[in-house]
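I have placed the structure first, in the form of structure tokens, so that the comments after it can refer back to it.
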Amino acid sequence: QVQLVESGGGLVQPGGSLRLSCEGSGFTFSDYAVTWYRQDPGKERKLVARILSSGSTYYTESVKGRFTISRVHAENMVYLQMNNLTPDDTAAYYCRADLRRTIYWGRGTQVTVSS
């Protein structure tokens, strides 16, 4: 069974940190590019960060310098370390794995930044 599961979301105060995890199973997760997206209610999903199988990374400008995407191939895990969080980072965060025409989505994990 193919699974892509996010975890690590929660409530955090401004300036705080969270680490999100994305675990893939049932497919060769290490061969896939993995992208973190986020979405507020009524808004379209926006790319946050992306990591290729090679380890190359890409970030949207608003998170650059604060967020770090990484992966551990042997554990089928991709992480998103989020530092210095602000209320603008509040959203549901989704993990997407893609390889050519194959795309898998996780179901999301909620991040709320509030005092």
Side-chain angles (χ1 to χ4, degrees):
Q1 292 285 335
V2 170
Q3 290 191 69
L4 198 62
V5 180
E6 304 98 330
S7 62
L11 176 64
V12 65
Q13 293 185 345
S17 298
L18 286 173
R19 188 181 73 165
L20 305 184
S21 299
C22 175
E23 182 175 8
S25 61
F27 65 107
T28 52
F29 187 59
S30 62
D31 291 337
Y32 284 65
V34 175
T35 309
W36 284 100
Y37 289 80
R38 64 189 182 189
Q39 183 177 29
D40 289 325
K43 306 288 186 179
E44 293 188 6
R45 291 184 186 184
K46 299 291 184 66
L47 185 148
V48 178
R50 178 171 170 83
I51 187 166
L52 308 184
S53 182
S54 66
S56 297
T57 59
Y58 305 88
Y59 301 90
T60 192
E61 190 67 27
S62 64
V63 309
K64 199 166 188 177
R66 299 188 298 121
F67 291 11
T68 302
I69 189 169
S70 62
R71 70 192 304 165
V72 181
H73 284 304
E75 298 178 1
N76 293 323
M77 297 288 289
V78 169
Y79 301 101
L80 183 68
Q81 178 67 46
M82 305 186 296
N83 298 326
N84 195 24
L85 288 161
T86 78
D88 289 340
D89 296 315
T90 295
Y93 283 71
Y94 297 87
C95 180
R96 187 192 78 171
D98 67 274
L99 178 63
R100 294 185 173 181
R101 295 177 180 176
T102 302
I103 299 174
Y104 300 122
W105 283 95
R107 295 185 178 182
T109 184
Q110 179 66 39
V111 172
T112 302
V113 184
S114 177
S115 59

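As a basis for the values below, the full set of heavy atoms in this structure was taken, side chains included, without hydrogen atoms, waters or symmetry mates.
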Kindly give the heavy-atom pair with the smallest separation between [X] and [Y], and that separation in Å.
X	Y	value
Phe29	Ala97	CE1-CB, 4.2 Å
Leu85	Val12	CD1-CG1, 3.6 Å
Val34	Ile69	O-CD1, 4.0 Å
Ser17	Asn84	OG-N, 4.2 Å
Leu47	Thr60	O-CB, 3.5 Å
Thr35	Asp98	OG1-OD1, 4.2 Å

Using a strict threshold of under 4.0 Å (side-chain N to carboxylate O), is an ion pair present between Arg38 and Asp88?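 Salt bridge absent between Asp88 and Arg38.
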salt_bridge(Arg66, Asp89) N-O dist < 4.0 Å: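 Answer for the salt bridge query: yes.
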Criterion side chain to side chain contact (heavy atoms under 4.5 Å, CB included) on Leu11 and Gln110, from CA distance to verdict: CA-CA 8 Å; Leu11 176 64; Gln110 179 66 39; over 6 Å; no
Which value, rounded to the nearest 0.5 Å, describes the distance between [X] atom [atom1] and [Y] atom [atom2]?
X	Y	atom1	atom2	value
Lys64	Thr57	NZ	OG1	8.0 Å
Thr68	Asn83	OG1	CG	6.5 Å
Arg19	Met82	CZ	CE	11.5 Å
Thr109	Leu18	OG1	CG	8.5 Å
Gln13	Ser115	CD	OG	7.0 Å
Cys22	Leu4	SG	CG	4.0 Å

Show your working on side chain to side chain contact (heavy atoms under 4.5 Å, CB included) between Leu52 and Tyr32 and close with a plain yes or no. CA-CA 7 Å; Leu52 308 184; Tyr32 284 65; over 6 Å; no
Would you say Arg50's side chain and Tyr37's backbone share a donor-acceptor pair under 3.5 angstrom?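 Looks like no, no N/O pair under 3.5 Å.
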Sidechain-backbone polar pair: Glu6 side chain, Cys95 backbone, donor-acceptor under 3.5 Å: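 Judged by distance alone, yes, a pair lies under 3.5 Å.
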Is the shortest side-chain heavy-atom distance between [X] and [Y] below 4.5 Å?
X	Y	value
Gln81	Ser70	no
Trp36	Val78	yes
Thr86	Pro14	no
Arg96	Ile103	yes

Tell me, which pairs form a ring pair (Phe, Tyr, Trp, His ring centres under 6.0 Å) where one or both residues lie in residues 38-97, sequence neighbours left out?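 Found none.
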Will you find, in the side chains of Asp31 and Ser53, an N or O donor that is under 3.5 Å from an N or O acceptor?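 No - no donor-acceptor pair under 3.5 Å links their side chains.
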ILVMFWY network linking Ile51 to Tyr104, side-chain heavy atoms under 4.5 angstrom: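 The answer is yes; both residues are in one hydrophobic cluster.
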